[in-house]
Each structure stands twice: as structure tokens, then as C-alpha cells.
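Proteins get letters first, then strands, A, B, ... in listed order; numbering begins at 1 in each.
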Amino acid sequence: MSQMSSSYDPKSVEGPIFESWTKGGYFSAEVVEGVRPYCVVIPPPNVTGSLHMGHALNNTIQDVVVRRQRMTGRPTRWVVGTDHAGIATQNKVEQKLAAEGRTRHQVGRESFVEACWEWRREHGSTIIGQLKAMGCSCDYDDEWFTMDPSYQAAVRRVFVEWYQAGLIYRGKRIINWCPRCSTALSDIEVEHEDVDSHLWHLRYPLKSPVAGVDHVVVATTRPETMLGDACIAVHPDDERYRALVGSVVLLPLMGREIPIVADSYVDPSFGTGAVKVTPAHDPNDFEIGERHDCAKINVMNADATISNEGGAYAGLDRYEARKKIIADLDAQGLLVKTDDHVHSVGHCYRCHTIIEPWLSDQWFVDMKPLAQPAIEAVRDGRVAFHPKRWENVYFHWMENIRDWCISRQLWWGHRIPVFHCDACGEMVASIEDVERCPKCGSSSVRQDEDVLDTWFSSQLWPFATLGWPEPDPRVDYYYPTSVLSTARDILFLWVARMVMSGMYFNDGKVPFDDVIIHPTVFNAEGRRMSKSLGTGVDPLDLMEHYGADGMRFGLMLQVTGAQDLKFSEEKLLSSRNFANKIWNASRFVLMNLDDYVPGEPVAHTVADRWILSRLADLSTRVSEGLDTYEFGEVARLLYDFFWNEYCDWYIELAKGRLHEGGEARESVQRVLVFVLDTALRLLHPMMPFVTEEIWRSLPLSAADKAPSLMVAGWPDAAALAQHADEGAERSIGRIIEIVTGIRAVRSRYKLPNKALLEVVFKTQGDSERQWVDNEFGQMAALAGVSSFSAGVDATKPAHSATVIASGMEVYVPLEGLVDFEAEARRLTSEAQKLSGELDKFNRKLSNEGFLAKASPDIIAKDRAKAAEVSEALGLVQAQLAELA
RNA sequence: GGGCGAUUAGCUCAGGGGGAGAGCACUUCCUUGACACGGAAGGGGUCGCAGGUUCAAAUCCUGCAUCGCCCACCA
């Protein structure tokens, strides 16, 4: 705290503090033999990305757990880096070229890839800088990129091993094709959306009538695919069509003869019960086509225009072709009807273009054998999801897993390490580039043109970033990593695949013990935050307004077990104010330490015992809350303790003892410093900057000191537990009740703040009188009380208001200012409230079922409460009688 | 078609079988030597609806409604 300004200024603090962390080398960890490390790998943001709210939330969560673990003294490492993001990056670079009026095909593959690297060099570290601004304590000296040479080696190793194990194969299949990105996509990269469309009923004439029937009507949502129809399918048991099976239909517009086949896939209740089958353009039709040995006629080009197989429609865009085909069929009287129909249409997750199911040669991973051990790992708890319910989502997907299409027709990415021999047709997967065919020796060998799905490389992140497959001691030391925190939308794309590949390549060891699925951040209207829709909030702006700590703490306050988070900026405002509160409370403590000598805190007063007891409780609950990833709960605990207990009560009462000097001053200084020190440690993971800045100014004994709060010790809850003190908590609770009651009188009767009060306690026994004498005196100033007396036989002074707290009457003389009617009204409403409560208790306590079945301690508690309420009611009624 | 989540104060949300909570907003008072990004005192809720279990339900169970997600090869 170099300057003692009365408000915390994040901008002047964050830069220098971060720099000092970097200089101190606290972000890196050393291998310490025999000590289990803590390791987290960051979900690598896309190189094309800049920080959005999801990142802000996710990386705050990771930094909180990482900083906490680092403070416990474990070697702690947070691996950072970026993802090459195949499609996203390629799109960016293509856009750049387009602005210059060029296409990637014009510049060629080699130059295009070079342009991608160039793009990464220019923009790739933007997001890393933003993580630093947030205060994230990643190991920035060891930054990874999924296209690093060593990472490429890992990818090739994985591909080749899986290929050789028969888990990777090539096949001609219906895949999801994005005509704009011009690449295949995996099933989970397709986003389905309901679209208002039509179900067109088309009449297909029979070549020759059968049993008086001369046509069959089919229903379709994609009429343009009819150009590639290979047969008509009906259900074998469908009486309507039984006679037609085996006969031939003349495909309209194309004039092709196609058969009617029977296949049990067909649902007789849908549409007309007759399905046009287009094996090259629909996965189900593909299967039917296989069963009936039909031709697979591909009527579409890669850009979704109609191919040369499409006769007169060749060259038309798919939707123009649709219109024209409908019109032409209508003109020929073959359009029977057009029904409105809502159906689900797949869109590209990168560019939102409608995808086309398309027949092409692609590479696949056989997932079932990989999924089985990964299911078991979650089943038996080796990998635990938080919240637990996500396990079911994981199981459902894993148990129904389908093969993964991993080839992409892009240029930016890991090129598939398979070499084709043009001479003999041999195909070989190899870690090293292949110059000559190992089979025939020919040199006419070329590498496969396709690159791998970006997620193929991302799935290796937890071990490729530790140096695998090279023999690297870090793999043995840091793998498995400790926790993975991520958004739910990449549970399948990334998390599940990391478990599968991680186990496969690390002797069955899972890649992480815990998975945190954090809530998705939505805006105030409950809409997804999106830059393009302008519905987002920029974390950089938020840090500008609230400081990095304010943003972080404000986010932590909002993290609960829910699956959505409607972002509330007010929480950030509270958090900024909280940082300021911490700053000023600390400033107050430091201002009163000029004569301070560090030393152990010793509780001298009940207040000391109380705050230490509360601190012990806080410490336990914060550690437990972080262990179970209950960030919202932890943030609230810290906020309540620091503001409502330490500031509002302990510091306020400390003021008197500080002024008193001598031993009183020394003892309260010790406790003030000790509690502040511990609280700052507990707060540090969530608010690293402000806590570090203050902590460095604290005069601590050599044993407690460290070069940085980042590497200072995490409070030991077990050691602090010795301060637990129920008696002190009860006692201070009572005092708070009394002080608050007296303040309420002051407020109600508009007594000037400066008016010092002389109050009288009517106690119920000598021990209570003694308690008032001993304890209340220390806190009298908080109520503006200058003097007080207490006694069993105390009498109420004339013109005084009465406070009833904890079964005691406290009389506050008002010098004739009492508005008796107001006081009577107040007492009347108080009496009503109390008698209502009393009724409830009495009903409960006279219920035989309750007395027979409720646990004894509940009954005892309720009896005590009832007695208390009854007593208070009696006192209030006595007051009322007096006023009447 | 399956599954999941949400429904509590004006707003954002905690809580979770035994006297309804926080932050913000609101009302009144207070620039007192830590802090007006502050202090003090207040007002405000039949905890979505209907059943059920229980001595006791905002809390557990069942159904329903509304909103939102996810999965699924209904042409």
C-alpha cells in the first residue's frame, strides 16, 4: 500500500503487482520429488479469439483453485496456450484474402498456410495478454500452441498408433458437409434447429400399372434430392403397397427407372408411407440403398450446386434447384400437395450454413472400444463431475457413441499423416514423412490432402502439453492433472474425448480427477452472449470499470450449481465496493500500527474471542467450499465475514481500545492484524490484486512473512479451530442485539447523533447484571451510550423508551421527547407480531404428534423459543399498560 | 420422442424438513478522524399451481404450467 488514498485504484495497482509476480517467478513450478503436485490445463482459447464472458468466468474459476493450491505449498502448475482452431482461423485468413480480392485457391496451399502462421504471429497472443490482465496465474513461460512442432509430433503419433490398432479407418460415408466451409464436419459439430418448411407430396408414375394403380406418392422435405433417387421404399407389411413391391417407377424429370422395395425402416404412418430413397444424400437412405444394392448417385457438388448427375438442373444452387423442380413437377401435374411442416435442419457450428448430408471419402475413428474404459472411469469415480448430474449427460452420449469423422477438407491444421502410393495403391500411416512406397518402392507417393478435425489435436491437450510423446519427467509428475474447468457446450467435443485418448495413451490413467462444468453466461435478457448479435458484455470493459478483482469476485458471487447464469453487473459493482471496503479497513488498521510489534494474537476480550471464533469458522468453510467448488458460497462467506463482522463490529469496537493505549492497544492490534492477515489469505484467490497490495504492507513476524501473498501459506483450518468459542459468539450476538435495539430507538425518535445516552438495564439475576457490567461497557460507544447501570430491581425512568433484547429490558431515557402515541403504536404492532409467533409455537407444542415424534432437541429448542417469545410479549404488554 | 435445469422480495439470485435470506433498487436519518464505492434504522415475499408423504413442507414425492437448454437417422 504505497499510497494511502481513501479509495482503491485498481489501475495503479494491477500492473505493478502483476509484474512483481512475473519477476518473482511464482507462476512456474518446480518438480519436487515425493510431493503430489497440482496441475490444471487451461481450455485453450482459439487463436482467433478474444476474451469473452465465458473465458472470464472459466479462467477466474481456474485461477481461484490454482492460487489456493499454490498457497498450500504444493508444486502448482497452470498450463496455458491456444488452439489453432482450424475452421475459425482459416475463415479469418480467407476473409483477409477476400478483402484483397483473392481466394485461397489463387494463393495456393503452401502460401495460405504460411498466411495462417503469419496471422497467428500477429494476433495469437492477444488473449494471453487478456488473461494476464485478469490476473490469471498461468505458467506463461511454457506457453503451448496446438500446432507447435512437438505438438504435431504428438498428433502424428496418436494417429499412427490408432491407425495401426485398426481404430482409424477410411470409408465412403454420408457425412455432414458444410458447403460454405467446404469441409466435412463431425456429428456433434452440427447444430440442429427447427425450421418452418414444407412437406412436398410428389407423384411418381409407375412404368406400367399394377392392379389398377399407376403411380405412387412420396413425401419429402428436400425435393431437390429427387434427382438422385435410387428407389422407393415401403414397409413390407403395408397392405397399401404390398402389390407394388418389385415394380418399377419412372423417376420424374430424370426419366430413370427405379424399383419399389420393401424395407422395415419405413414408418407407414408418416407421410404417405412411401419414401423416396436418395442414398448419396441421406444417411438412412444410404443404409436402405446398401440393403437393396442401389446406386449412390451424387447430385451435388461441394458448393451445394447441382452436379452433372442432375441433368437439366446441373449448376443451379440447391435452393434454386428446389424451386425449379417444384415448379416443373407442378407443371407436369406431379405435385400432389404442399403441407406446412416443421423439421429439424442441421447448421454448421462455425458459420451457421445449412449442412448437406453428403457422400464422400473420409477418415473415421472407431469410438466404441475407446468409450468403454472412459465410461467406467466416470462410473467408478476416477473422474468426478461437478455438478454430478453432468455424469448422466456424459454416460448417455458415451453409451450411444458413433464413429467420429476426423478428416476436414481444410488447409490449416494437422495434415493427415497417411501416404498414398499412386503406383501400387498402397496406403501407409507414418510418423515420419514417406518419400518412397514401402511396398513397391515407387517415389510417386503423396500425402493425404485432408487435415484433422481440430478437436483431434485438442483431445491430447492434457498430456501433449506435458511433453508427450517424448520421454519427459513432467508427464509422469503432472499427469493426471487435477481439475478441468469448462463450459458445458464442449463436454462431448472436448472433455469426453480427452478422457478417451488420455486413458488410451497413458496406461489407462485418466487425464484429470475432477471436471467442473460451470454455468453458461447469459445476458440480462437471458439471451446467449454473442459478439455478432451485440448481446454481449466485454470483460475488458468490466475490468476497466470495476477492476480485475471486482470483475472476478462479482463473477464468483454468481456461480452456483445452476446450468445458466444471467449475468448481473450489479454484483460487480458490489464487488468493486467490497474491494474498496477491504482497502479502507486495511488502511485503518495500518494507520494504527505505528507502535506495533508483531506477535501472536492473544484474546483479551470477549470480542477478541468472538472474531477469532468467527475467523476459524470462516476458514473451515472457505476451504471446504473450495474443495467442493462452491464458488458462490465461498464468495458470500468472505463478503459477509469481512464486511458484516470484521468491519461493522470488530473494527468499530477496536477503536476504543486503540485509543486507550497500553496493553489494550497492543492486544487489539495483534488481533486486528492477525484476522486481517488471515482474511487476506482467504480472499486472495478470488481478489488477487488488492489483497496482495495490502498484504505486503502488513507488519508480520518473520515466520508469517513471504515475498508474496501468492506464495504465503494458506490458513490452516484445523489449527484455527482452537479459537472456536460458542460462548463468545452467544455473548457478542446478544450485545449486537442490544446495540441494534438502542440504535433503533435513536433512529425512531430522531435523537441527534451527538446526544449521548444513559441507559438502564433491568436484568434477571446477578450473573446477568455482571455480564452487562463486564461486556456491554466495551461496546457501549457503538450505541452512543455514555453511561449505563444495571440491576435486578432497576426501575424505568420517566419518559423513556424500552428495548427488549434477549430477555432483558433496556430503558433509554428520552428527556421528555417521547411521542407516547408513536411508542404505543409501535408496541402494539410488536405485540401483534409476537403473539402471532407465540400462537404458532403453542399450537406446535400442544400437538401430540409433534411431542411424540419430533426429536427431543427440536422440542427443547422450540420450548425455549416459545418461552422467549412469551416473555418478550409479556414485557411489551407491560409497556403498553404503562402507557395507557 | 427422451432427458436436464429454472420458477423464493421490484431486479439478480442464495438457502433447503422445524421461527423466510443476501446484493442491488426503495424510504428516513447521518459528511462522526478507515471507507459516501460509506454508516445507521426501515418498508417489501400466502417461496409457480394442484395433490401426496410427515407431528411438521418453500424444502421430500407425484402430476401440471411456464421459460430455457441438451440428446435423437419422423422421409
K.L.:
Quick one: E193(A) CD to C71(B) C1', roughly how many Å, whole number?
P.N.:
16 Å
K.L.:
Select base, sugar-phosphate, or nothing to describe what G346(A) touches, counting heavy atoms under 4.0 Å on all strands.
P.N.:
nothing
K.L.:
What interatomic distance, in whole Å, is found between C1' of C49(B) and the corresponding atom of U8(B)?
P.N.:
15 Å
K.L.:
Both distances under 3.5 Å, Watson-Crick or G-U wobble: report the partner of A34(B), or none.
P.N.:
none
K.L.:
What's the verdict on ring-ring contact (aromatic ring centres under 6.0 Å, His included) for Y8(A) and W583(A), showing C-alpha distance, side-chain angles and the deciding distance?
P.N.:
CA-CA 6 Å; Y8(A) 171 58; W583(A) 178 263; 5.3 Å; yes
K.L.:
What is the base-pairing partner of C24(B), counting Watson-Crick and G-U wobble geometry with both distances under 3.5 Å?
P.N.:
G10(B)
K.L.:
Would you mind telling me which of C24(B), U28(B), C35(B) lies closest to the side-chain atoms of K750(A)?
P.N.:
U28(B)
K.L.:
Side chain of E652(A), base of A34(B): donor and acceptor closer than 3.5 Å?
P.N.:
yes
K.L.:
What is the distance, to the nearest angstrom, from the CG atom on L751(A) to the P atom on U28(B)?
P.N.:
19 Å
K.L.:
Base, sugar-phosphate alone, or nothing: which one does W200(A) contact when heavy atoms must sit under 4.0 Å apart?
P.N.:
nothing
K.L.:
Write down the distance between CD (E191(A)) and P (A72(B)), rounded to a whole number of angstrom.
P.N.:
12 Å
K.L.:
The side chain of A744(A) lies closest to which of these nucleotides: C71(B), A14(B), A41(B)?
P.N.:
A41(B)
K.L.:
Are any of H341(A)'s side-chain N or O atoms less than 4.0 Å away from OP1 or OP2 of A75(B)?
P.N.:
yes
K.L.:
So what does V266(A) hit on the nucleic acid, given a heavy-atom distance under 4.0 Å: a base, only sugar-phosphate, or nothing?
P.N.:
base
K.L.:
Using the P atom as the reference point in each nucleotide, state the distance between A56(B) and U12(B) in Å, no decimals.
P.N.:
35 Å
K.L.:
Determine the contact category for R576(A): base if any of its heavy atoms lies under 4.0 Å from a base atom, sugar-phosphate if only primed atoms, P, OP1 or OP2 are that close, otherwise nothing.
P.N.:
base
K.L.:
Would the F385(A) and Y394(A) ring centres measure less than 6.0 Å apart?
P.N.:
yes
K.L.:
Just checking V869(A): base, sugar-phosphate only, or nothing, at a heavy-atom cut-off of under 4.0 Å?
P.N.:
base
K.L.:
Looking only at heavy atoms, what is the nearest atom pair of I174(A) and P357(A), with distance?
P.N.:
CG2-CB, 3.8 Å
K.L.:
Using the side chain to side chain donor-acceptor pair (under 3.5 Å) definition, which of the options R576(A), R552(A), E569(A) pairs with Y546(A)?
P.N.:
E569(A)
K.L.:
With a 4.0 Å cutoff (strictly under), does any side-chain N or O of S6(A) reach OP1 or OP2 of A34(B)?
P.N.:
no
K.L.:
Considering only NZ, NE, NH1 and NH2 on the basic side and carboxylate oxygens on the acidic side, decide whether E290(A) and K296(A) come within less than 4.0 Å.
P.N.:
yes
K.L.:
For the C1' atoms, the ones on G23(B) and on G44(B), what distance do you get once it is rounded to whole angstrom?
P.N.:
15 Å
K.L.:
Can you say whether the rings of F641(A) and Y646(A) are parallel (under 30°), tilted (30 to 60°) or perpendicular (over 60°)?
P.N.:
parallel
K.L.:
Below 4.0 angstrom, which residues in residues 392-404 of chain A have at least one non-hydrogen atom near RNA chain B?
P.N.:
H396(A), R402(A)
K.L.:
Between C37(B), C35(B), A75(B), which nucleotide has the shortest distance from any of its atoms to the side chain of S7(A)?
P.N.:
C37(B)
K.L.:
Regarding R746(A), tell me which of base, sugar-phosphate or nothing describes its non-hydrogen contacts under 4.0 Å with the strands shown.
P.N.:
nothing
K.L.:
With C1' as the reference atom in both, quote the distance from A34(B) to A41(B) in angstrom, rounded to an integer.
P.N.:
22 Å
K.L.:
Quick one: look up who C49(B) pairs with, Watson-Crick or G-U, both distances under 3.5 Å, and put none if it's unpaired.
P.N.:
G63(B)
K.L.:
Which nucleotide wins on minimum distance to the side chain of E570(A), given the candidates C69(B), C24(B), C74(B)?
P.N.:
C24(B)
K.L.:
Counting only side-chain heavy atoms from C-beta out, which of G39(B), G5(B), A75(B) sits nearest to Q563(A)?
P.N.:
G5(B)
K.L.:
Pick base, sugar-phosphate or nothing for T740(A), based on heavy-atom distances below 4.0 Å to the nucleic acid.
P.N.:
sugar-phosphate
K.L.:
Does the pair E356(A)/R318(A) count as a salt bridge with the N-to-O cut at 4.0 Å?
P.N.:
yes
K.L.:
How close or far is atom P of G17(B) from atom CG of N847(A), stated in whole angstroms?
P.N.:
21 Å
K.L.:
The side chain of K844(A) lies closest to which of these nucleotides: G38(B), G18(B), U12(B)?
P.N.:
G18(B)
K.L.:
Within the side chain of R240(A), is there an N or O that forms a donor-acceptor pair under 3.5 Å with the backbone of A274(A)?
P.N.:
no
K.L.:
Can you tell which of C24(B), A75(B), A14(B) lies closest to the side chain of T560(A)?
P.N.:
A14(B)
K.L.:
Does D648(A) reach a base, just sugar-phosphate, or nothing at all? Heavy atoms under 4.0 Å.
P.N.:
sugar-phosphate
K.L.:
Using modelled atom types only, decide if a donor and an acceptor are shared between the side chain of R587(A) and the backbone of I582(A) within a distance under 3.5 Å.
P.N.:
no
K.L.:
Categorize D862(A) for me: base, sugar-phosphate, or nothing, with a 4.0 angstrom heavy-atom threshold over every strand shown.
P.N.:
sugar-phosphate
K.L.:
Where do L672(A) and I651(A) come nearest, in terms of heavy atoms and distance?
P.N.:
CD2-CG1, 4.0 Å
K.L.:
Please give, in whole Å, the distance from A34(B) P to L593(A) CG?
P.N.:
14 Å
K.L.:
Heavy atoms only, 4.0 Å cut-off, all strands: where does A219(A) land among base, sugar-phosphate and nothing?
P.N.:
base
K.L.:
Starting at atom CG of L573(A), determine the distance to atom P of A22(B), rounded to an integer number of angstrom.
P.N.:
18 Å
K.L.:
Please pick, from G18(B), G19(B), C74(B), the nucleotide with the shortest atom-to-atom distance to any side-chain atom of E868(A).
P.N.:
G19(B)
K.L.:
Quick check: closest heavy atoms across P387(A) and I517(A), and the distance to 0.1 Å?
P.N.:
CD-O, 3.5 Å
K.L.:
Quickly work out the M226(A) CE to A75(B) P distance and round it to whole Å.
P.N.:
18 Å
K.L.:
When the C1' atoms of C74(B) and A6(B) are compared, how many Å lie between them, rounded to an integer?
P.N.:
30 Å
K.L.:
ring-ring contact (aromatic ring centres under 6.0 Å, His included) between F553(A) and F578(A): does it pass, once the steps are laid out?
P.N.:
CA-CA 9 Å; F553(A) 199 82; F578(A) 183 44; 5.1 Å; yes
K.L.:
With both distances kept under 3.5 Å, what pairs with C69(B), Watson-Crick or G-U wobble?
P.N.:
G3(B)
K.L.:
Using the side-chain heavy atoms of K566(A), tell me which of these nucleotides is nearest: C35(B), C13(B), G19(B).
P.N.:
C13(B)
K.L.:
Please figure out whether H343(A) or F522(A) has its closest RNA chain B nucleotide nearer the 5' end.
P.N.:
F522(A)
K.L.:
Any side-chain N or O of K861(A) less than 4.0 Å from the OP1 or OP2 oxygen of G18(B)?
P.N.:
no
K.L.:
When all nucleic acid strands are considered with a 4.0 Å heavy-atom cut-off, which category describes F492(A): base, sugar-phosphate, or nothing?
P.N.:
sugar-phosphate
K.L.:
Measure the distance from CZ on F270(A) to C1' on A72(B) and round it to the nearest whole Å.
P.N.:
15 Å
K.L.:
Applying a 4.0 Å non-hydrogen cut-off, can you work out what F567(A) is touching in the nucleic acid: base, sugar-phosphate, or nothing?
P.N.:
nothing
K.L.:
Nearest-nucleotide wise, let me know which of R748(A) and S574(A) is further upstream toward the 5' end of RNA chain B.
P.N.:
S574(A)
K.L.:
Can you check whether W390(A) has a side-chain N or O nearer than 4.0 Å to OP1 or OP2 of C69(B)?
P.N.:
no
K.L.:
A14(B), G23(B), A75(B): which one has an atom nearest the side-chain heavy atoms of K571(A)?
P.N.:
G23(B)
K.L.:
So, is N592(A) near the phosphate of A34(B), with a side-chain N or O under 4.0 Å from OP1 or OP2?
P.N.:
no
